[in-house]
Every structure is written in structure tokens, then in C-alpha cells.
Amino acid sequence: MKNWTLFLAAAYWLSACTSPGPAKDHGDSTTMRQRTGPSPVLDGKTAISHMQIEKGLEVQLVASEPLITTPVAMTFDDKGRMWVVEMTGYMPDTLGTGEDTPNGKVVILTDTNHDGVADSRKVVLDSLILPRAICLVPGGFLLAEPPKLWFVPVKDDVAGKRELIDDKYTEGGNVEHQPNGLLRAMDNWIYNAKSDKRYRQINGKWVKQDTHFRGQWGISQDNFGRLFTNNNSENLLGDYFPPGLGARNPNQKTIAGYDEKIVPDNRVYPIHPTPGVNRGYMKGVLDDSLRLVEMTAACSPLIYRGSLLGKEYDNNAFVAEPAGNLVKRNILQDSGYIVKGRQAYQKKEFLASDDERFRPVSLYDAPDGALYVVDMYRGIIQHKTYLTPYLKDEIRSRELTNPLNCGRIYRIVPTGARIRPMALDNNPDKLFALLENPNGWIRDKAQQMIIDHRYTQLIPHLKERLHQEGNTYGIIHALWTLEGLGALQYPELDFLLHQKNPYLQAAAIAALPSVKTTTATATLTALSDNVFLAPYIALVLPYLPNPAALQTKLMTRYANDRYVGDAIINNNSGKESQLLDQLIKINGDTTLSMRRHLDAIIKDIENHRKAKMTDALVKQYPKGAKLFANVCQTCHGKDGDGIKSLAPPLNQSQLVTGDKKRLISIVLYGLTGPIDVNGKHYKAPEISADMPGIGSNDEYNDQDIAEVLSFIRNCWSNQAPKVTEKDIQEVRMKYKGRQKPFTIEELN
């Protein structure tokens with residue numbers, strides 16, 4: 001990890017890393033420019049010649065400017081057309097001039113002559129401010145335009161009046177730190193990255209529910225419906241268990257089995273010098289050839305399910321890295337319910353370009369089975385909030401600001417493949433057959449179309465499919481299609497629970513919250529001795545009739561299993577003390593995993609009970625509260641308790657409540673870990689290795705910075721003297737000319 005504020009491309013892309021510092025190890029920026037020079041603008045086809053791709057595959061151009069500009073997200077419809085989100089207003093220059101101009105669009109790209117290249121553009125919706133995600137739903141599409149989530153009705157490709165679904169789709173955060181994704185997942189809910197909310201239309205009304213906080217930019221699912229994300233400096237994160245479970249206890253900050261590190265190796269291998277990264281001046285960020293060493297802009301993980309590239313690529317995780325101008329490939333493997341992965345290559349990448357303007361920001365499966373790459377194609381991808389003087393100089397001297405009207409969509413296919421648009425026939429019987437298709441995108445779309453068109457005549461066939469052997473994926477899709485039609489009943493799940501296939505058993509357990517049952521508890525009690533199924537069973541306890549005895553059995557056998565223990569804790573929000581008493585009666589060992597987690601949560605609850613209300617602070621420090629929401633809480637959390645894989649807590653941190661000049665120094669110039677907070681040692685990869693400074697950001701003056709520091713020094717359980725504008729000025733004077741971040745040793 002490189003920072004606590006996340007460095008990611010285009011709405012998240014490349015969130016800043018640290019404040020600027022001298023380039024002692026790699027020479028100053030002038031030397032770098034002499035070795036790298038300007039970055040010329042290449043047309044789409046020429047840009048392909050600058051790419052290196054895995055042997056046996058090739059890159060094909062699907063769309064480019066002027067047909068498309070500044071694309072950041074897309075989706076396919078059942079006709080094989082691309083619905084693309086254009087974020088036209090993102091960073092017109094290093095000052096972000098005119099960023100709030102309503103010039104974003106949603107467009108449909110069509111290949112009308114079926115030659116494999118888009119040739120028609122239709123604007124469906126315009127006058128948008130920094131739109132970032134789209135999801136096709138019955139009657140139209142959902143559109144993320146922070147801070148709002150809209151439903152846009154569409155008839156004959158003409159948009160109607162927008163309907164506001166959620167006016168708090170984003171709360172706080174800047175353009176790099178706001179929810180995105182809108183993945184319509186296998187369980188029929190719509191999930192997001194950089195968010196703890198999910199959405200679904202039920203009986204004609206849109207419903208919003210809490211879920212796990214996941215990722216930063218981009219979200220994907222595998223063939224079992226498990227979700228995968230990442231952040232700017234981590235290759236791949238993901239869930240071991242179904243996405244709809246395990247988010248019931250707000251007192252439990254993390255739960256084992258969710259947001260786990262899937263691929264811990266974050267090294268990258270660009271094929272050309274990449275000094276134009278926000279903190280390229282820092283030791284270890286670039287190697288001796290000025291190439292990025294580790295991920296600093298990782299985004300849009302994709303679990304490839306398209307089947308076209310070959311079996312060796314199926315279920316691989318591909319990750320975009322726009323700062324390194326590359327796309328990485330990872331190989332995943334299940335070990336029980338645990339998912340682990342490794343990089344597919346050493347010292348090379350799946351796809352890499354020596355064109356610095358190649359900015360892959362989103363990856364997608366497709367109806368034709370290819371792997372699609374959305375390339376924003378531009379020089380500036382770092383947002384102004386965190387843009388360092390070093391990178392500003394790189395952008396200016398190497399003429400990276402313009403042009404702003406480029407953008408490409410590529411697809412990766414077997415060498416020589418001739419791809420044509422693929423449409424799905426809206427025929428119930430044909431859609432039912434497509435639930436068995438080897439292409440995961442087609443299976444997903446067939447499921448969605450059956451549900452959206454209410455093809456209830458397929459219900460008997462779907463139930464029959466659950467009782468047939470064969471394709472496991474087809475059975476799982478049949479199950480969730482029944483769930484989406486409101487026709488899933490417990491007998492179907494009970495049948496699957498008694499199969500020997502653990503993935504079918506797990507899918508049946510995951511679907512239990514959708515059915516009414518009086519007999520599931522006995523069945524699951526009999527299955528609870530199965531170590532593979534135990535965490536799943538623990539996660540669904542609240543949805544079972546009379547689960548007390550089963551909970552006791554699980555606690556007795558699995559109290560030292562972090563997955564089962566955390567699942568049980570998750571089910572007992574507000575009853576943690578009673579649960580601890582029960583655990584002590586069963587087993588008084590204080591070293592048990594479940595015991596240690598319960599003790600920590602109960603202590604945290606007590607600390608929050610003592611915390612002061614912040615309403616008065618918001619009134620006292622309005623600019624500080626706003627700055628906190630836009631910059632700080634995205635990594636440190638709204639409650640100041642930190643966020644897993646990003647940043648340590650601000651609440652009750654001695655770095656916050658202690659010497660205010662030390663805190664000012666950190667905020668102005670940044671901090672390089674590891675550090676100790678509240679008696680705990682934090683270091684990468686548990687948190688990002690570096691926190692960016694905002695002292696060089698012209699958007700915030702010294703009074704603003706004083707206010708935000710005063711705010712956090714007296715928020716939650718904190719209590720410390722306020723910070724003044726004069727304090728800020730004194731620290732600036734003391735460290736005049738400093739650019740590099742501090743270490744904790746320096747500050748102490």
C-alpha cells in the first residue's frame with residue numbers, strides 16, 4: 001500500500017500518495033525529463049503497436065475518439081451494445097478548472113455493420129457532473145452522479161425524467177473517494193465499491209440496505225457470486241462468503257472472511273520509465289530505471305468469466321494499473337472456502353504499454369467472451385486534491401495536460417479472432433438454456449432477463465434443474481433466478497443442502513434468508529460438523545427459527561475459528577456482553593479467537609459511549625467538518641476509527657491529541673509509516689504505507705487546515721486544545737522548503 005488516501009485512476013484513479021520531496025535516489029525531475037521526454041499523443045490503432053500482450057492473444061480497437069471521449073465505465077445490453085459513461089469534466093488542468101461543469105454523458109455505442117468496431121454514437125443523457133457508474137435495470141438504468149443515485153427511464157433509447165433513488169449515494173469524499181461500480185450481482189442485489197450500501201427493486205420500490213464496505217474503484221464477482229475489489233495499492237481483495245451475509249453488527253468493524261487479501265503481491269513491471277506518478281521522487285517508488293515498483297493506482301479488478309481466451313484464463317483476476325500503463329493477471333485458487341491468488345508472471349505483465357497516456361481504468365466481461373479494457377487515454381489522472389508540486393512539474397514540462405478529448409475501448413481476444421456483436425434472443429426457453437452457457441456474462445444476463453421480464457412459466461423448469469446433475473454454475477444460476485422471481489421455496493434448498501457438492505450446499509445456505517422455513521435449523525445442525533459449511537451456517541443463524549441451540553453448538557466447537565466466531569458476533573449486535581458471558585461458560589480460555597474479538601468490541605463500544613456528540617463541533621468548525629468529510633473520512637472512517645487496509649484510527653490517537661505541531665507537520669507534509677496508535681503497531685499492508693500531505697494544495701488555506709485539525713482533536717472521544725491559523729503558519733515557517741513526508745522518528 002502506498003497511502004491512506006488512495007491513488008486510483010479517473011474517479012478514484014491515482015489518489016495522492018504523499019507530499020513532495022527531493023528526488024535524491026532517482027535524480028531531480030529535470031534529469032528524469034531528459035531520460036523520458038514528452039509523451040506524444042497516439043491514435044488508437046498506433047497505440048496498440050506500443051502494447052505488449054500475452055502470446056497467443058491480441059488487442060483490438062473497438063472504439064476511439066471522436067466516437068468516445070474520457071470513458072470511465074460501461075456496460076453491455078442484451079443487443080451487445082455498449083452503454084458508456086463519459087466523465088468529460090475530470091481535471092481539465094492541474095487546478096481542476098471547471099470541474100463542476102455539467103458536461104458528462106451517457107452514450108450508446110453500436111457496431112451497425114457488424115465488423116467488430118463501433119461506428120454509431122447516440123447520446124442518451126448529457127449535462128452530468130462527473131458521472132461514474134451505470135447499471136441496466138428494468139425500464140432503464142441506474143446512474144451514479146455524486147452525491148446522487150438516479151433511476152433513468154429509457155424507451156426506444158430515449159431517456160425520460162430522472163427519478164432520485166438515493167440523495168446520499170455518496171456522503172462526503174472528493175471525486176476520487178466516492179462510491180462506484182453498481183454491479184448487479186448473482187444474488188440479485190446491486191453492489192458498489194467504496195461503499196457499504198446495496199440496492200434492489202422490490203415490489204416496485206427501490207430498497208437500500210447496509211452491506212460490507214468494499215474497495216475503491218471497480219467491483220467484480222466470480223462464478224459463485226463472491227465479490228472482489230481492491231484499493232490503489234493492493235492487488236486484489238475479496239470475500240470468501242456470500243455478499244449478502246455478515247453485515248448485521250455496526251459495532252464490529254471487520255468480520256473475518258470479508259475484504260480479505262487475496263493476492264498480497266503488489267509488484268508491477270512497466271515496460272518503460274514511469275516518473276509521472278504523484279510521488280515518484282520518493283525512495284523506493286521507482287527503481288533505477290525510473291519504473292514503478294509497486295501498485296499505486298490499482299483499480300477495477302475483474303474476475304474473467306468470458307471463456308473466449310481459453311480455460312487457462314477462466315476465473316483469473318485481472319487488475320488495471322493506469323499509473324504503470326498496464327493490466328495485471330492473477331491466478332486464483334480455492335482452498336476450502338478460502339480464496340488465495342498469485343501473480344501469473346514474474347517480472348512481466350499480461351498487458352503493458354510504453355505509451356504513458358494509456359490509462360486502463362475499467363475492465364469488463366462481455367457477451368462475445370472477450371476481455372474489454374476502458375482506456376481514459378490522457379496525461380492527467382491525479383485529482384487536484386492531492387496533486388504534488390513534483391507531479392505538477394512533470395505534467396507541465398512534459399506537456400501532459402492536453403488533449404482532453406481522447407478515449408478508447410479495446411478488447412483482448414485470441415490472435416486472429418474475428419468478433420461480431422452478440423445479441424441475446426429474448427425468448428424464455430432460449431434464455432433458460434443460456435443459464436448453462438460457459439460465458440459467465442451470458443449466464444448473468446440470461447438470469448437477469450428472465451427475472452426482468454417475469455418469465456414465470458420457467459419456474460417448473462428452474463426447479464427441475466436444481467434436481468439434475470451437471471453444470472454446477474447452471475444450478476446456482478437456476479437457484480438465484482428462482483429467488484429473483486420470488487418463487488424459491490425451502491424444499492428446493494433442502495434438496496441442495498443434502499447434496500455432496502459443497503458449493504451447492506453453500507449456495508443453498510446463502511439463499512436461506514429469502515425463504516420461510518421451520519425445519520432448516522435441524523438440517524443445518526446436522527451439517528454443522530462440516531468444517532467447510534460451518535461459517536456459512538453461522539452467518540445465517542438470525543434467519544433460522546430457534547437457532548439458540550445451534551449457536552451454542554457452534555461456539556462449543558468453533559470458538560477458536562475466526563470465521564465462525566466473527567459470524568456469531570455479527571449476529572449479536574447489542575448483545576455482545578451477554579454473548580461473552582455465554583462464551584465464558586462454554587470455555588473460559590481468554591486466548592480464544594472469539595474471546596479476543598469480543599473483548600475488543602466491547603471495549604470499543606464503551607469508548608463510543610463516552611464519546612461526545614459532534615453536532616456542536618460542526619457548528620463551531622463548519623469548514624473543518626467539511627474538509628474532514630471530503631478528505632479525511634475516506635480513509636480514516638466517519639467514526640474516526642480507521643478503515644481496514646487504508647488508515648489507522650484518529651479517535652483516541654496520541655498523534656491527534658498530542659503535540660499539535662507534530663499533527664500539523666503530518667497534515668502539511670505527510671507521514672511515512674509504520675506508526676503506533678493506541679498501543680497497536682500499524683504498518684503496510686495492514687494500512688497504507690504513506691499518508692499524503694495537503695500543505696501544497698491551494699484549495700485549502702491555513703484557516704481551513706486549522707479548523708479540520710481542531711475538529712478531529714475534539715471529535716468522538718478526543719479532547720485537546722484547538723489549532724489556530726498562527727500555529728499552521730509557524731510550522732510552515734519552521735519547515736519552509738520541505739517537500740518530503742515525515743517519519744515518526746523525525747517527529748518524535
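Quick caveat: nothing in here was measured; it's all calculated off a predicted structure. All residue numbers refer to positions in the sequence shown, counting from 1.
- Contact check for D566 versus Q252: side-chain heavy atoms found under the 4.5 Å cut-off.
- By the 4.5 Å heavy-atom criterion applied to side chains, L466 and L482 are counted as neighbours.
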(request) Please report the C-alpha distance between R226 and D222 in whole Å, then the side-chain angles of each, then the deciding distance to 0.1 Å, and finally whether the salt bridge (charged side-chain N to carboxylate O under 4.0 Å, His left out) criterion is met. (result) CA-CA 6 Å; R226 298 174 297 199; D222 69 2; 2.7 Å; yes
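- Between D265 and Q343, the side chains place a donor N or O and an acceptor N or O closer than 3.5 Å (distance only, hydrogens not considered).
- Judged purely by distance below 3.5 Å, without hydrogens or angles, the side chains of N315 and R305 never pair a donor atom with an acceptor atom.
- When atom types are taken as modelled, the side chain of D604 and the backbone of A600 share no donor-acceptor pair closer than 3.5 angstrom.
- Checked against Q221 for a side-chain hydrogen bond (donor to acceptor under 3.5 Å, both in side chains), the options D239, D444, D187, D365 give a single hit: D444.
- Between the side chain of N560 and the backbone N or O of S593, at least one donor-acceptor pair lies under 3.5 Å.
- Side chains of S233 and N266 form no contact here, defined as non-hydrogen atoms less than 4.5 Å apart.
- Using a distance-only test at 3.5 Å, with no hydrogens or angles considered, no donor-acceptor pair links the side chain of S300 to the main chain of G218.
- For Y473 and F224, the ring centers are positioned less than 6.0 Å apart.
- Here the CG atom belonging to L332 is positioned 7.5 Å from the CD1 atom belonging to I262, to the nearest 0.5 angstrom.
- F241 has its ring centre less than 6.0 Å from the ring centre of Y536.
- Looking only at side-chain heavy atoms (C-beta outward), Q216 and T229 stay at 4.5 Å or farther from each other.
- Residues R557 and D529 are paired through a salt bridge, judged by an N-O separation under 4.0 Å between the basic side chain and the carboxylate.
- N180 and N192 share no donor-acceptor pair across their side chains, judged by distance under 3.5 Å alone.
- The CG atom of L237 sits 11.0 Å away from atom CD1 of I219, with the distance rounded to the nearest 0.5 Å.
- Looking at D494 and H498, their side chains come closer than 4.5 Å, going by heavy atoms from C-beta outward.
- Going from atom CG of N501 over to atom CD of Q499 covers 8.0 Å, rounded to the nearest 0.5 Å.
- With sequence neighbours excluded, the residues that form a ring pair (Phe, Tyr, Trp, His ring centres under 6.0 Å) with F318 are F350.
- Using a 4.0 Å cut-off between charged side-chain N and carboxylate O, K194 and E171 make no salt bridge.
- Residues passing the side-chain hydrogen bond (donor to acceptor under 3.5 Å, both in side chains) test with N587, sequence neighbours excluded: none.
- A donor-acceptor pair shorter than 3.5 Å cannot be found between the side chains of Y304 and D314.
- Note: N572 CG to N249 CG = 8.0 Å, rounded to the nearest 0.5 Å.
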(request) Please assess R562 against M594 for the test side chain to side chain contact (heavy atoms under 4.5 Å, CB included), listing each intermediate value before the final yes or no. (result) CA-CA 7 Å; R562 62 188 293 255; M594 187 174 176; over 6 Å; no
(message) Does N651 form a side chain to side chain contact (heavy atoms under 4.5 Å, CB included) with D639? I'd like the steps, not just the answer.
(response) CA-CA 8 Å; N651 187 24; D639 56 9; over 6 Å; no
(request) Check the pair I303, S220 against side chain to side chain contact (heavy atoms under 4.5 Å, CB included), reporting the backbone distance first and the verdict last. (result) CA-CA 6 Å; I303 309 302; S220 184; 3.8 Å; yes
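- A 4.5 Å side-chain heavy-atom check between N330 and P301 finds every atom pair outside the cut-off.
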(message) Run the side chain to side chain contact (heavy atoms under 4.5 Å, CB included) test on I568 and Q551 for me, step by step, so that the C-alpha distance in whole Å, both residues' side-chain angles and the decisive distance to 0.1 Å come before the verdict.
(response) CA-CA 7 Å; I568 294 173; Q551 175 175 291; 3.9 Å; yes
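- A donor-acceptor contact closer than 3.5 angstrom links the side chains of T552 and Q582.
- Ring pair Y191/Y199: centre-to-centre distance not below 6.0 Å.
- Judged purely by atom type and a 3.5 angstrom limit, S335 has no side-chain atom pairing as donor or acceptor with the backbone of I338.
- At a threshold of 4.5 Å between non-hydrogen side-chain atoms, the residues L671 and L747 count as touching.
- E234 and N231 share a donor-acceptor pair across their side chains, judged by distance under 3.5 Å alone.
- Between P535 and Y337, the shortest heavy-atom contact is CG-CE2, 3.5 Å.
- Under the 3.5 Å distance criterion, with hydrogens and angles disregarded, no donor-acceptor pair is assigned to the side chains of K553 and T525.
- Checking Y503 against D334 by side-chain atom types alone, a donor-acceptor pair falls below 3.5 Å.
- Side-chain atoms of N316 and R329 include a donor-acceptor pair closer than 3.5 Å.
- Between the side chains of K500 and Q505, no donor N or O sits under 3.5 Å from an acceptor N or O.
- Under the 3.5 Å distance criterion, with hydrogens and angles disregarded, a donor-acceptor pair is assigned to the side chains of E483 and N188.
- At distances below 3.5 Å, not a single donor-acceptor pair connects side-chain atoms of H636 with backbone N or O atoms of A647.
- Contact record, P648 with I675: CG-CD1, 3.8 Å, taken as the closest heavy-atom pair.
- A distance of 5.5 Å separates CG of L479 from CG of L493, quoted to the nearest 0.5 Å.
- H212 and D259 form no side-chain donor-acceptor contact under 3.5 Å, judged by distance and modelled atom types alone.
- No donor-acceptor contact under 3.5 angstrom links the side chains of N235 and R267, judged on distance only.
- For the pair N718 (side chain) and Q652 (backbone), a donor-acceptor distance under 3.5 Å is present.
- With rounding to the nearest 0.5 Å, the separation of CD in E492 from NE2 in H467 is 5.5 Å.
- Side-chain N or O atoms of D641 include none that pairs as donor or acceptor with a backbone N or O of L650 at under 3.5 Å.
- A heavy-atom distance below 4.5 Å is found between the side chains of L496 and I475.
- With respect to D599 and R595, a salt bridge is recorded, a charged nitrogen being found less than 4.0 Å from a carboxylate O.
- Listed by chain and number, the residues in a ring pair (Phe, Tyr, Trp, His ring centres under 6.0 Å) with F628 are F711, W716 (sequence neighbours excluded).
- No donor-acceptor pair under 3.5 Å is formed between the side chain of Q633 and the backbone N or O of G640.
- Side chain of E576 to backbone of L598: no donor-acceptor contact under 3.5 angstrom is found.
- In this structure, N251 and G574 approach most closely via the heavy-atom pair ND2-N, 4.0 Å.
- Side-chain contact of R198 with S195: a donor-acceptor pair under 3.5 Å is absent, judged by distance alone.
- The environment of K340 atom NZ is dense: over 12 non-hydrogen atoms of other residues, nucleotides or ligands sit within 6.0 angstrom.
- Looking only at distances, a side-chain donor or acceptor of Y258 sits under 3.5 Å from a matching main-chain atom of P242.
- The 12-atom threshold is not exceeded at CD of E469, counting heavy atoms of other residues, nucleotides or ligands nearer than 6.0 Å.
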